[in-house]
Amino acid sequence: MFTYEIFLNYIKDNKTTFGILLCQMETHAFQQGIMNSVQSYIQSIIPGLSDKCEEQYIYSFMMHGCLNIIVDWINNDFNIHSHKLAEIIYHVCNVILAEPVSDAETSTANIK
């Protein structure tokens, strides 16, 4: 989680640059490149999921979600401390990876 905080502090210290790169529609290609790089890194350190098609959607959800959290944080003028935001991102991603989709489907079926 410490690494997330360092990265978030870097974004905050370079807020003008990241505001342009992450918050403007014209820089969508850059945003996609960042997401692809981070996704590749995550896939290299986390064991693969059993279903490659499923993995694609899980990582896509995580990458877009994390990017949008950071964009909201920039747009809200860094209204919470980077340590707290790092905790949020870390815990949300761990919850997503901790519960396989098949378990979630079973849980949903029990609700009906």
Side-chain angles (χ1 to χ4, degrees):
M1 184 171 48
F2 182 68
T3 306
Y4 298 150
E5 187 174 355
I6 291 170
F7 180 63
L8 292 172
N9 285 329
Y10 183 77
I11 290 172
K12 189 174 182 179
D13 291 344
N14 296 281
K15 63 183 176 184
T16 302
T17 301
F18 280 97
I20 292 168
L21 293 175
L22 298 179
C23 301
Q24 305 296 320
M25 289 302 295
E26 297 82 20
T27 58
H28 181 73
F30 175 81
Q31 296 165 19
Q32 192 62 48
I34 288 278
M35 287 190 293
N36 291 341
S37 295
V38 172
Q39 181 174 338
S40 294
Y41 173 73
I42 289 173
Q43 287 173 316
S44 73
I45 62 171
I46 297 175
L49 302 171
S50 59
D51 183 328
K52 288 295 179 189
C53 184
E54 181 180 296
E55 182 178 284
Q56 169 194 351
Y57 290 105
I58 291 170
Y59 285 121
S60 178
F61 180 83
M62 287 173 49
M63 293 301 101
H64 284 90
C66 290
L67 178 63
N68 283 314
I69 287 171
I70 293 169
V71 167
D72 285 350
W73 185 56
I74 294 168
N75 287 333
N76 286 304
D77 199 30
F78 310 98
N79 60 341
I80 64 172
H81 193 275
S82 57
H83 178 76
K84 182 63 179 172
L85 190 63
E87 284 181 339
I88 292 168
I89 292 170
Y90 179 81
H91 290 294
V92 168
C93 290
N94 279 333
V95 167
I96 291 168
L97 291 172
E99 184 176 338
V101 173
S102 59
D103 290 348
E105 290 172 347
T106 303
S107 298
T108 305
N110 292 333
I111 294 173
K112 293 179 182 179

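Taking the side-chain hydrogen bond (donor to acceptor under 3.5 Å, both in side chains) definition, one finds that H81 meets it with nothing, sequence neighbours left out. Partners of K84 according to the salt bridge (charged side-chain N to carboxylate O under 4.0 Å, His left out) rule, which considers only residues two or more places apart in sequence or in another chain, are E87. Take I70 and apply the side chain to side chain contact (heavy atoms under 4.5 Å, CB included) test, not counting sequence neighbours, and it matches F7, L8, I11, L22, I74, I89.
Under the 4.5 Å side-chain heavy-atom criterion for Ile, Leu, Val, Met, Phe, Trp and Tyr, M63 and F30 are members of the same hydrophobic cluster. One hydrophobic cluster, built from ILVMFWY side chains closer than 4.5 Å, cannot hold both L67 and Y57; they sit in different ones. By the rule that hydrophobic residues join a cluster once side-chain heavy atoms approach within less than 4.5 Å of another member, F61 and V71 end up as members of one cluster.
Sorted by first and then second residue, the side chain to side chain donor-acceptor pair (under 3.5 Å) pairs involving residues 65-76 (not counting sequence neighbours) form an empty list. Screening residues 8-23 for side chain to side chain donor-acceptor pair (under 3.5 Å), with sequence neighbours left out, gives N9-S82. For residues 23-34, the pairs satisfying side chain to side chain donor-acceptor pair (under 3.5 Å) are T27-Q31, Q32-N36, with sequence neighbours left out.
Taking the side chain as every heavy atom from C-beta outward, I69 and V92 never approach each other to under 4.5 Å.
Of the inter-residue distances, the one linking S60 atom OG with M35 atom CE reads 7.5 Å to the nearest 0.5 angstrom.
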